[in-house]
Amino acid sequence: MSALVAHLDVPPGPGGTTAARTAARTVLQAWGFRDADWLYDATVVVSELVANAVRHGGGILALTLHAVRGRVTVIAADCTGAPPRRRRGDQTGGRGLAIIETLSRAWGVQPYGRGKCVWVLLPACDGR
Ligand SMILES: Nc1ncnc2c1ncn2[C@@H]1O[C@H](COP(=O)(O)OP(=O)(O)O)[C@@H](O)[C@H]1O
Ligand SMILES: [Mg+2]
């Protein structure tokens, strides 16, 4: 089976994360991923990845969804080489990576130009 790939532009500004989340949900539904809980979790991962790229990564360059044999990877490219690092949660946040780890099978970082890509492999979707 060939891979399905979607490149989503993330608008700059405060609405970017919500726009990315909505667009990702629409694409995944169009690809046949219909389980409501899985879709919800996938959009949470997208939100946390995009928020981190914007807040810590110097801005998001590209958001990519990749599906092959029913397995979806979400990839966010940003502008800095510094990798995500778990930190203790407090009133300022610090739970995004923990949430991503809970909702994913695996995640990692790859160099991308002068920055990096953070990729997250989602669990298989039962409702597909
Ligand atoms: N894309 C990124 N680029 C650089 N650093 C990151 C990135 N994502 C996360 N981090 C680092 O990892 C830490 C933990 O991320 P996270 O758990 O989402 O907490 P929060 O975003 O609330 O600080 C961040 O505080 C930041 O130092
Ligand atoms: Mg975060």
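Indexing begins at 1, ligand by ligand and atom by atom, following the structure's order.
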Protein contact to atom 17 (O) of ligand 1 [nearest heavy atom, distance to 0.1 Å]: Leu97 N, 2.9 Å

Minimum side-chain heavy-atom gap Leu122-Asp41 below 4.5 Å: no

Numbered atoms and elements of ligand 1 in range of Asp78, under 4.0 angstrom, heavy atoms: 1 (N), 2 (C), 3 (N)

Just which atoms of ligand 1 are under 4.0 Å from any heavy atom in Gly57? 3 (N)

Indicate the atoms forming the closest heavy-atom contact of Val120 with Ser104, along with that distance. CG1-CB, 3.3 Å

Given 3.5 Å as the limit, does a donor-acceptor pair link the side chain of Arg95 with the main chain of Asp90, or not? yes

Tell me, please, whether Tyr40 has Arg21 positioned over its six-membered ring: NZ or CZ under 6.0 Å from the ring centre and within 45 degrees of its axis? yes

Measure the spacing between CG of Leu49 and CD1 of Ile60 and express it to the nearest 0.5 Å. 7.5 Å

Would you confirm whether Lys116, through its side chain, and Ala82, through its main-chain N or O, come within 3.5 Å as a donor-acceptor pair? yes

Validation row: Val74, Leu63 side chains within 4.5 angstrom (heavy atoms): yes

Atom 8 (N) of ligand 1 has as its nearest protein heavy atom Asn52 CB, 3.2 Å

What's the shortest distance from atom 10 (N) of ligand 1 to any protein heavy atom, and which residue and atom give it? Pro84 CA, 3.4 Å

Minimum distance, heavy atoms only, to atom 13 (C) of ligand 1: which one of Glu48, Arg55, Arg87, Arg85 is it? Arg85

Non-hydrogen side-chain atoms of Val118 and Pro84 separated by less than 4.5 Å: yes

Of the listed options Lys116, Arg88, Arg95, His56, closest to atom 20 (P) of ligand 1 (non-hydrogen atoms): His56

What about Gly93: any of its N or O atoms under 3.5 Å from an N or O on ligand 1? no

For Gly96, is at least one N or O under 3.5 Å away from an N or O on ligand 1? yes

Mind checking whether Val45 and Trp107 have side chains closer than 4.5 Å, heavy atoms only? no

Any donor-acceptor pair under 3.5 Å from Arg114 side chain to Thr80 backbone: no

Metal environment of the Mg ion (ligand 2), protein N/O/S under 2.8 Å: Asn52 OD1

For Gly94, is at least one N or O under 3.5 Å away from an N or O on ligand 1? yes

Other hydrophobic cluster members with Trp119, side-chain heavy atoms of Ile/Leu/Val/Met/Phe/Trp/Tyr under 4.5 Å, chained? Ile75, Leu121

Give me the nearest non-hydrogen protein atom to atom 4 (C) of ligand 1 as residue plus atom name, then the distance to 0.1 Å. Ala82 O, 3.2 Å

